[in-house]
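Notes to accompany the following structure.
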Amino acid sequence: MSPVETPRTRLVRPLAGRMETVVGRFTMYRLVLLALAALAAYSLLLNVLGWLTFGIPEMLAHLALCLALTYASNRALAALFRVKPHTESSLITGLLLYFLFWPPLQPMDLAGVALACLLASASKYALAWRGRHIFNPAAAGAFITGLTGLNIATWWAATPAMLWLLVPAVLLVVYRMRKALMASVFTVVATAITTLVLVRAGMPAAAGIWQALAQRPVLFFVGFMLTEPLTLPPRRWQQLALATVVGVLFAVPWNLGIFANSPEAALLAGNLLAFLAGQRGAVKLRFAGARPLTPATTEFSFEPARPVRFLPGQYMELDLPQAKPDGKGRRRVFSLAGGPGERLVKFGVRTDGPLSAAKAALLALRPGDELSATAVGGEFVLPRDPRRPVLLIAAGIGITPFVSYLASGALRERDAVLLVLARSADELAYAEELRRSGVQVLVRLADGSVPPSGLASAAGRPPGVRSFGADGRLDGPDGRLDGPDGRLDGPALAALVPDISRRDVYVSGSPASVAALRRAAKRSGARRVRTDSFSGY
């Protein structure tokens with residue numbers, strides 16, 4: 001039985017879709033930078049109100065020092081190593097160090113903060129492998145500075161007064177990065193161990209939990225440092241294991257000679273484990289060419305300098321050589337469209353309408369041009385058990401990860417149904433790949449037109465709902481695919497795929513499309529739905 005639709009749920013669901021769209025317009029780096037900047041401004045306000053007692057001159061001097069030194073040193077080192085500086089990354093590092101070290105005015109303390117800033121920038125180049133830094137720069141700078149004795153990180157952001165803005169900021173960042181489960185695992189492990197240690201020391205359990213969350217840097221640590229994309233392993237199970245290990249190292253008291261437990265030490269240990277688990281180092285990509293998929297989409301192909309390890313459905317982060325950055329930073333995430341064994345790596349991108357700096361940079365590439373792939377990851381991969389049937393729903397350029405499934409042969413021996421949604425026949429990307437896929441394909445075109453030759457229609461008007469098998473047979477009941485508002489709704493999806501409840505459902509497309517299709521799948525009886533949204537860039 002479908003859930004009862006109420007005015008409240010009809011209002012909340014569109015709002016959720018709009019939130020996905022709005023948040024998706026910000027790159028992860030831009031969102032983290034804005035969140036940290038808001039927290040810095042909030043800390044100054046708290047000092048004015050008397051809830052913090054550092055003093056405004058000390059805080060402003062501390063903030064200016066951290067930002068100026070990380071920005072200037074990063075640009076100088078980038079020039080030395082002949083690479084383009086990543087401005088947002090340097091500013092994020094400066095803001096993190098602002099919250100890690102006590103705002104000083106004493107010469108030795110200032111020298112310690114300055115050293116941490118310089119070491120943080122240097123770690124991106126010196127403690128790196130094939131163009132990818134291994135350790136969180138702020139943690140590395142703070143840790144090494146602590147060993148010198150000039151200054152020690154206090155993580156003063158962990159104060160009850162900061163919670164009013166810290167909690168929503170962390171939740172927003174974790175939501176945008178899709179790391180809620182990982183953040184929850186670390187928070188539970190670190191809080192439980194810290195509380196247990198405090199209870200054994202005589203503190204009541206409730207007070208121990210409060211101190212762990214409000215007076216220890218658990219929340220700041222997990223929101224802004226543990227979840228840094230470049231220092232995470234690629235798979236979710238690896239990230240959950242990492243969160244557990246780091247949570248233990250973070251909370252359990254330990255001492256090994258000159259090394260003792262601290263948040264930065266725990267994070268650096270986790271960074272090293274993540275480096276060993278993932279694609280170690282950046283990969284140079286040489287542009288091989290582009291081909292139009294539709295009037296609105298383009299496929300870009302690159303030849304990697306060395307083999308790229310990835311699973312079908314995963315993404316790659318590219319560092320784009322933008323001549324005129326648009327304020328969103330240089331790094332963009334794209335789903336891989338080819339198979340892991342292919343010579344070229346491919347990305348399908350929507351390239352119509354107003355062009356962002358990222359899309360303009362891609363379109364301006366000439367054969368032989370080089371750029372870097374900084375990370376590979378993602379959980380939008382098929383179940384390991386090939387006997388588990390799947391329903392794949394692609395909206396627009398959301399077809400890209402499914403093309404990777406097809407190219408790798410991962411669907412060859414699996415019971416799979418692929419439903420493709422597009423505006424018109426002209427905007428159906430990878431039509432030829434779908435024709436020869438060998439899997440059951442359904443096509444729904446919003447304008448009601450006929451799909452290209454060889455693909456069956458699943459439009460909400462004549463000839464009705466039909467399925468297309470690898471043998472070319474058309475079968476299934478006729479009927480409307482659209483719901484009352486013209487959208488693909490739960491009952492229509494259930495009529496189209498009657499056994500949807502036994503299938504793992506995968507949905508890919510824009511954030512708004514994914515939110516709507518996920519609801520439709522749930523209402524049609526799907527028990528397991530995995531999503532992959534293509535944010536605006």
Side-chain angles (χ1 to χ4, degrees), residues 1-6 9-10 12-14 16-17 20 313 380 382-383 388-399 401-402 405 411 414-424 427-429 434 437 439-451 455-469 473-534:
M1 180 179 296
S2 298
V4 176
E5 187 81 6
T6 67
T9 56
R10 283 196 296 268
V12 170
R13 287 170 180 170
E20 285 274 0
F380 201 66
L382 289 167
R388 286 170 60 177
V390 295
L391 168 63
L392 315 174
I393 307 177
I397 197 59
I399 186 65
F402 301 142
Y405 295 170
L411 299 177
R414 190 184 294 268
D415 179 0
V417 175
L418 174 57
L419 171 60
V420 184
L421 313 178
R423 296 177 183 175
S424 65
E427 294 196 30
L428 183 63
L434 296 178
S437 65
V439 303
Q440 187 175 356
V441 179
L442 300 172
V443 177
R444 176 183 183 255
L445 304 178
D447 65 355
S449 59
V450 178
L455 293 175
S457 171
R461 57 193 70 187
V465 178
R466 299 186 297 173
S467 61
F468 177 71
R473 291 185 301 104
L474 293 176
D475 57 8
D478 287 340
R480 288 189 57 80
L481 181 62
D482 295 335
D485 60 353
R487 294 179 179 272
L488 180 64
D489 66 3
L493 187 55
L496 183 61
V497 188
D499 62 348
I500 191 172
S501 62
R502 73 180 186 90
R503 295 180 180 273
D504 287 17
V505 179
Y506 287 65
V507 183
S508 177
S510 69
S513 297
V514 165
L517 291 168
R518 184 181 185 279
R519 291 194 299 270
K522 285 290 187 180
R523 289 180 58 80
S524 67
R527 296 192 178 98
R528 296 175 295 273
V529 181
R530 184 168 292 185
T531 62
D532 188 36
S533 60
F534 287 65

In terms of heavy-atom contacts, A429 and L434 come closest through O-CD1, 4.1 Å
Closest non-hydrogen atoms of A526 and V505, given as atom of the first, atom of the second and distance, are CB-CG2, 3.7 Å
Do the side chains of L442 and V417 get nearer than 4.5 Å, heavy atoms only? yes
When rounded to the nearest 0.5 angstrom, what is the spacing between CD1 in I500 and CZ in R528? 11.0 Å
For the backbone of P383 and the side chain of R414, can you confirm whether one donor and one acceptor N or O come within less than 3.5 Å of each other? yes
Restricting to non-hydrogen atoms, name the atom on Y405 and the atom on F380 that form the minimum distance, rounded to 0.1 Å. OH-O, 2.7 Å
Student check: side-chain heavy atoms of I399 and L418 closer than 4.5 Å: yes
Mind running side chain to side chain contact (heavy atoms under 4.5 Å, CB included) on L411 and L392 for me, showing each step along the way? CA-CA 11 Å; L411 299 177; L392 315 174; 3.8 Å; yes
Between the main-chain N or O of G398 and the side-chain N or O of S508, is there a donor-acceptor pair closer than 3.5 Å? yes
Tell me if a side-chain donor or acceptor on D499 pairs with a main-chain N or O of R502 at a distance below 3.5 Å. no
Salt-bridged, R388 to D415, with N to O below 4.0 Å? no
Under the 3.5 angstrom rule, does the side chain of R527 hit a backbone N or O of S501 as a donor-acceptor pair? yes
Would you check if V514 and I393 make a side-chain contact, meaning some heavy-atom pair closer than 4.5 Å? no
Quick one: pull up CD in E427 and CG in L445 and give me the separation to the nearest 0.5 Å. 10.0 Å
So, taking the atom named CZ in R444 and the one named CG in L419, what distance separates them when rounded to the nearest 0.5 Å? 8.5 Å
State, yes or no, whether a side-chain contact exists between Y506 and L391 at a heavy-atom distance under 4.5 Å. no
So which atom in V439 and which in A416 form the shortest heavy-atom distance, rounded to 0.1 Å? CB-O, 4.3 Å
I want to check something: taking the side chain as every heavy atom from C-beta on, are P401 and D532 in contact at a cut-off of under 4.5 Å? yes
Check: V390 main-chain N/O paired with R503 side-chain donor or acceptor under 3.5 Å: yes
Spacing of CG belonging to L496 relative to OG belonging to S524, to within rounding of 0.5 Å: 9.5 Å
